[in-house]
Every structure is written in C-alpha cells, then in structure tokens.
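Working notes, structure below.
All chains are named by letter (A, B, ...) in the order of the sequence lines, taking the proteins before the strands, and each is independently numbered beginning at 1.
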Amino acid sequence: MSSTPSPTSATTLTPTTAPLPREFYLRDTAVVARDLLGSMLVRRYGGQSIMGMIYETEAYGHRDDPASHAYRGVTKRNKVMFGRVGISYVYFTYGMHFCFNVTARNPEYADAGAVLIRGLIPIRGMDIIMKNRGTTDTRILTDGPAKLTQALNIKREQYGVDLTGRGGLYIASGDGCHDVSSYAVVRSPRVGIRKATDRLWNFKLQSPGTRRQATA
DNA sequence: ATGAAGATGAACT
DNA sequence: GTTCATCTTCATT
C-alpha cells in the first residue's frame, strides 16, 4: 500500500470528538463502510488517549453474504452482528490476532452486518501506539486490521462495547480534521476471502494526485 | 472427539 | 513471493 494518506497530512487540524450517532449505522452496511472513511477511532484507557483516522474498511453482510461470519446464522461468536447497531464486534483469528468491527445494517432487509476496520492513520497517542506495537516504524503501526487492534489495545474485553458513547472505545466524526472530500475512494474486492469477490465492499481513501490502481 | 479453514502479520529470500 | 507462527470456531464424526 504505497498510496495511503500520510500521517503528517492528517494531523494539521484538530478533529471533533463527538461520537457518531446510532442512526449512522442504521443504513446499508456497504454505505456505512464507505462513510466511515475519514472518521476517528478513539480509544481511552489508563488515563491515556489514542486516536486514529479510519482510511480502510470492509463491509460484511448477512445470510446472503457467503464471506460474512453471519452467513450461517447466529453463533456465540457472531451474535452481536444480529443485535443493536453501533456495537463493537471483536473476534480472534489465525491463532494470534484480533480484528475489530462495528455492527451496521439496514434493518429493512438485513438481520445482520458489520464493518471491519482495516487501517488507521495515527493522530494522537503515538507514544502509546509505538509501545503497544513494539516498533517505532511509523509506516507499519496501524496499517492492518490486527495491527490496529494491537496498537489500540483492543481485545476480547471490547466485544459488545457501545461505540456511540464517550466510553473507552468509540467512533467519532472526523469533521475538522481532514477534508476527506479531496480524497478518492477506491473500491476493491474484500481482502483474504475467496467468496463473493464480485462485491466491491473494500473501501480505501486514496490521497489526491495518486494514480488509481487497477482492481480486477 | 476431531479436523480444517481462517476478514493475519512478521520475517525472510 | 514464500513461509511459519499458532488457536479459535464451527461442522462433522
């Protein structure tokens, strides 16, 4: 990923920290995924504050989406995908990694759905992020779904957390931080899955002036 | 009880 | 581009 927005360009202004309201997540999951680009993931614990701007997301649907955890119906793991929207869905994968999603769906036709957060640009709490990640290489701090959970200390305890309040973990509007409208949004097939590759449900912000990459 | 796949990352060639 | 570290979840026996 050579064309992601740079950390320095996003830290020029102070962002708002107002949580996105519940209604934000009561829309088509893919629309929510796209609209989350440019918003802020906020983490507070131990008296410290970490914030990152979301630049890559992925939508996962309900029973009609064979790539989704919700495809085969409710299980102990995925039950929050069928509950209230705006809730944290954290799951463990590959024996060592956590991934972070926010539940979202249009209740008119979907009974489940979630948006996987795949990439952040660090905005605040760089020292804590580096400590949590065990590296000072700013290029690789939060550029993957499991890297960002490690960077923000998101684990099983954050399963089911309400992301619409000012708690220890929430998502805020990015208003005032960065003019996202100046970025292109690139749509691609979802990463690491082999089903439903015709759905372009991976969304990425791309810096202005960067050539759009071919996406099969 | 058991097995296979998996929404991954790091290190290496 | 390849390999491996490593284990939960779910489906099947």
Distance, rounded to the nearest Å, where [X] contributes [atom1] and [N] contributes [atom2]:
X	N	atom1	atom2	result
A/Arg77	B/dA7	CZ	P	8 Å
A/His69	B/dA5	NE2	P	16 Å
A/Met96	B/dG6	CE	C1'	12 Å
A/Arg72	B/dA7	CZ	P	11 Å
A/Tyr60	B/dA7	OH	P	7 Å
A/Arg139	B/dG9	CZ	C1'	15 Å

Roughly how far, to the nearest 0.5 Å, is the CD1 atom of A/Ile117 from the OG atom of A/Ser39?
7.0 Å

Give, for atom OH of A/Tyr170 and atom CZ of A/Arg44, the distance between the pair rounded to the nearest 0.5 Å.
3.5 Å

Would you indicate what A/Ile193 reaches in the nucleic acid, counting non-hydrogen atoms under 4.0 angstrom: base, sugar-phosphate, or nothing?
sugar-phosphate

For a quick check of understanding: with a heavy-atom distance under 4.0 Å over all strands, which category does A/Arg190 fall into, base, sugar-phosphate or nothing?
nothing

Any salt bridge between A/Arg22 and A/Asp162, counting N to O under 4.0 Å?
yes

Check A/Asp143 with A/Lys147, please: is the shortest side-chain N to carboxylate O separation under 4.0 Å?
yes

For residues A/Asp35 and A/Arg27, report the shortest heavy-atom separation together with the two atoms involved.
OD2-NH1, 2.9 Å

Could you say whether A/Thr75 or A/Gly95 is positioned toward the 5' end of DNA chain C, judged by the nucleotide with the nearest heavy atom to each?
A/Gly95

For B/dA7, the nucleotide meeting Watson-Crick or G-U wobble distances (both under 3.5 Å) is none

Which base, if any, makes a Watson-Crick or G-U wobble pair with B/dC12, both distances under 3.5 Å?
C/dG1

Compare the aromatic ring of A/Tyr94 with the six-membered base ring of B/dG9 and state whether they stack according to the 5.5 Å and 30° rule.
no

Only one of A/Arg199, A/His69, A/Arg190 passes side chain to side chain contact (heavy atoms under 4.5 Å, CB included) with A/Tyr60, and that residue is A/Arg190

Could you list the protein-to-nucleotides 10-13 of chain B atom pairs, N/O on both sides, closer than 3.5 Å?
{"residue": "B/dA10", "atom": "OP1", "partner": "A/Arg133", "partner atom": "NH1", "Å": "2.9"}
{"residue": "B/dA10", "atom": "OP1", "partner": "A/Arg133", "partner atom": "NH2", "Å": "2.9"}
{"residue": "B/dA10", "atom": "OP2", "partner": "A/Lys147", "partner atom": "NZ", "Å": "3.2"}

Note: chain A reaches DNA chain C at heavy-atom distances under 4.0 Å over the stretch, first to last nt, 5' to 3', of C/dA5 to C/dA11

Ignoring hydrogens and angles, state whether a donor on the side chain of A/Gln150 or A/Asn132 is under 3.5 Å from an acceptor on the partner side chain.
no

Count the heavy atoms of every other residue, nucleotide or ligand shown that sit under 6.0 Å from OH of A/Tyr71, and state whether that count exceeds 12.
no

If we only count heavy atoms from C-beta on, is the A/Thr17 to A/Arg166 side-chain gap below 4.5 Å?
yes

